[in-house]
Protein chains: 2
Amino acid sequence: MEKQINIKPTESELEILQILWALGKATVRQVNEELSKTKEVGYTTTLKLMQIMFEKQLVSRTDEGRYHVYEAAVGEEPTQHMLLDKFIGTTFRGSATRMVMQALGNQQVSKEELDEIKKLIDSIEKGQ
Amino acid sequence: MEKQINIKPTESELEILQILWALGKATVRQVNEELSKTKEVGYTTTLKLMQIMFEKQLVSRTDEGRYHVYEAAVGEEPTQHMLLDKFIGTTFRGSATRMVMQALGNQQVSKEELDEIKKLIDSIEKGQ
DNA sequence: ATCAATCTACGAAAATTTTCGTAATAAAAT
DNA sequence: ATTTTATTACGAAAATTTTCGTAGATTGAT
């Protein structure tokens, strides 16, 4: 079971979570190297953020030799779900439909993906 | 035409924009009253925020008598679109499809809405 | 053994966002 | 006319988030 799924990570924390979700386990250095691909960021900055995330229980860590190996302590899906809910609430006044329609209309979504979504809708409709 | 659609409003600013989009025009007091329905917030706090938003050109205002009447200076749709793009980028690693599928799976979406979305998909597929 | 390199901890500075107190001004009420 | 009320402007405090410098500890190299 997920623990604290109510804690909303900040923007920077989310970036780090993304990396951890992708890598599974990672040291601060590894995370920092990933971050550096996108933007300028000092090692100690990343370290501090991950320490804060550890306090918030967003990540866990184990002592491996003399350094720490970090891991996300919150799941990707539950976190996305929570953020999505909040986002729909604040930006689309709670209407998931409005948001979906904008997303489909504005984003580049391939025919294959659209079909996939249609299938999903069908299965939901059958289910309820 | 929209002006600065790149300025990302903060959370609080977005709340105010929502109210202005709903009301059209409004004074600081009106906006503050709307905000107060949801949360505790002082009048001068709202005022200050709206002044900052005026500087950022997120809102415009006209002198009506001795007070200001405010209006959103950015459109609801373009703003939502911009925020949605950023959100998909940071939270769903750029995949609109993944986000839509989560939204449809997790949120409460009625059959009517699902049908509406299906219709939209069909029309997009015909278009391209 | 000494030096260099690497990692963590800690604290604080910097930047951003949010909140609010105070003063000035103008209108409205008494 | 004086007082009360409502509005804006301004600045700064408070809170949150981000960044980074420094110190201490441990490993590895010379």
Side-chain angles (χ1 to χ4, degrees), chain A residues 4 6-20 23 25-71 79 83 86-87 90-91, chain B residues 4 6-20 23 25-71 79 83 86-87 90-91:
Chain A
Q4 320 276 83
N6 304 321
I7 307 177
K8 183 177 178 179
T10 67
E11 287 282 306
S12 305
E13 289 171 346
L14 186 57
E15 286 183 286
I16 289 175
L17 281 176
Q18 299 282 11
I19 291 170
L20 289 176
L23 298 184
K25 291 162 181 273
T27 62
V28 173
R29 180 144 308 277
Q30 285 176 292
V31 170
N32 185 247
E33 264 158 26
E34 286 297 315
L35 284 176
S36 300
K37 289 177 183 171
T38 325
K39 61 174 184 181
E40 191 82 4
V41 57
Y43 174 83
T44 49
T45 301
T46 304
L47 172 66
K48 182 65 171 184
L49 268 172
M50 291 177 74
Q51 285 171 345
I52 291 169
M53 291 170 77
F54 178 67
E55 280 165 27
K56 290 189 188 174
Q57 309 239 38
L58 287 172
V59 300
S60 61
R61 70 188 184 196
T62 54
D63 286 26
E64 210 115 322
R66 89 192 151 92
Y67 43 78
H68 293 149
V69 176
Y70 287 81
E71 199 170 358
T79 303
L83 293 173
K86 283 193 201 293
F87 181 73
T90 57
T91 306
Chain B
Q4 320 278 82
N6 304 322
I7 307 177
K8 184 178 179 180
T10 67
E11 286 281 306
S12 305
E13 288 171 348
L14 186 58
E15 286 183 285
I16 290 175
L17 281 176
Q18 299 282 10
I19 291 169
L20 289 177
L23 298 184
K25 292 163 182 273
T27 62
V28 174
R29 180 144 309 277
Q30 286 176 293
V31 170
N32 185 246
E33 264 158 27
E34 286 297 316
L35 284 176
S36 300
K37 289 177 183 171
T38 326
K39 59 173 186 181
E40 190 80 6
V41 58
Y43 174 84
T44 49
T45 301
T46 304
L47 171 66
K48 182 64 172 185
L49 269 170
M50 290 175 75
Q51 286 170 343
I52 290 169
M53 290 169 78
F54 178 69
E55 282 165 24
K56 289 191 190 173
Q57 310 238 40
L58 287 172
V59 299
S60 62
R61 70 188 184 196
T62 54
D63 285 27
E64 211 115 323
R66 89 192 150 93
Y67 44 77
H68 293 151
V69 176
Y70 287 81
E71 198 170 358
T79 303
L83 293 174
K86 283 193 202 293
F87 181 73
T90 57
T91 306

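Protein chains get the first letters and strands the later ones, always in sequence-line order, with residue 1 at the start of each.
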Near DNA chain D, which residues from residues 30-41 of chain B have a heavy atom under 4.0 Å away?
-> none
Under the side-chain contact (heavy atoms from CB on, under 4.5 Å) rule, collect the residues that match up with A/S36, sequence neighbours excluded.
-> A/N32, A/V41
Quick one: A/E55 CD to C/dT8 P, roughly how many Å, whole number?
-> 15 Å
Between B/E71 and B/L20 the two heavy atoms that sit nearest each other are C-CD1, 4.1 Å
Got a list of protein N/O to nucleotides 10-13 of chain C N/O distances below 3.5 Å?
from: C/dG11; atom 1: N7; to: A/K48; atom 2: NZ; distance (Å): 3.1

Base, sugar-phosphate alone, or nothing: which one does B/T45 contact when heavy atoms must sit under 4.0 Å apart?
-> base
A/L14 CG - D/dT17 C1' separation (whole Å) = 14 Å
Can you check the B/F54 CZ to D/dT8 P distance for me, whole Å?
-> 12 Å
With distance as the sole test, does B/T27 use its side chain to make a donor-acceptor pair with the main-chain N or O of B/Q30 at under 3.5 Å?
-> yes
B/L17 to B/V59 - nearest heavy-atom pair and separation = CD2-CG1, 4.2 Å
Only counting residues at least two apart or in another chain, list the ones meeting side chain to side chain donor-acceptor pair (under 3.5 Å) with A/T91.
-> none
May I have the distance from A/L49 (atom CG) to D/dT16 (atom P), rounded to whole angstrom?
-> 16 Å
Can you tell me which residue pairs pass the salt bridge (charged side-chain N to carboxylate O under 4.0 Å, His left out) test with a partner in residues 36-49 of chain A, sequence neighbours excluded?
-> A/E15-A/K39, A/E34-A/K37
B/M50 has an atom CE; how far is it from atom P of C/dC20, in whole Å?
-> 17 Å
Going from CG on B/L14 to CG on B/L83, what distance comes out if it is rounded to the nearest 0.5 angstrom?
-> 6.0 Å
Scanning both residues in full, the closest heavy-atom pair of B/E13 with B/M53 reads O-CE, 3.4 Å
Tell me: CD1 of B/I52 to P of C/dT16, nearest whole Å?
-> 13 Å
Give me the distances for all protein-to-nucleotides 5-7 of chain D N/O pairs that come in under 3.5 Å?
from: D/dT7; atom 1: OP2; to: B/R29; atom 2: NE; distance (Å): 2.3
from: D/dT7; atom 1: OP2; to: B/R29; atom 2: NH2; distance (Å): 3.2

Round to a whole Å and report the spacing from CD1 of A/I16 to C1' of D/dT18.
-> 11 Å
B/K56 NZ to B/T10 OG1 distance, which is reported to the nearest 0.5 Å = 5.5 Å
5' priority, DNA chain C, between B/E13 and A/R61 [closest heavy atom] | A/R61
Rounded to whole angstroms, how far apart are CD1 on A/I7 and P on D/dT17?
-> 12 Å
Over 60° means perpendicular and under 30° means parallel, so classify the ring planes of A/Y70 and A/F54, tilted if in between.
-> perpendicular
Heavy atoms, side chains only, cut-off 4.5 Å: are A/H68 and A/D63 in contact?
-> yes
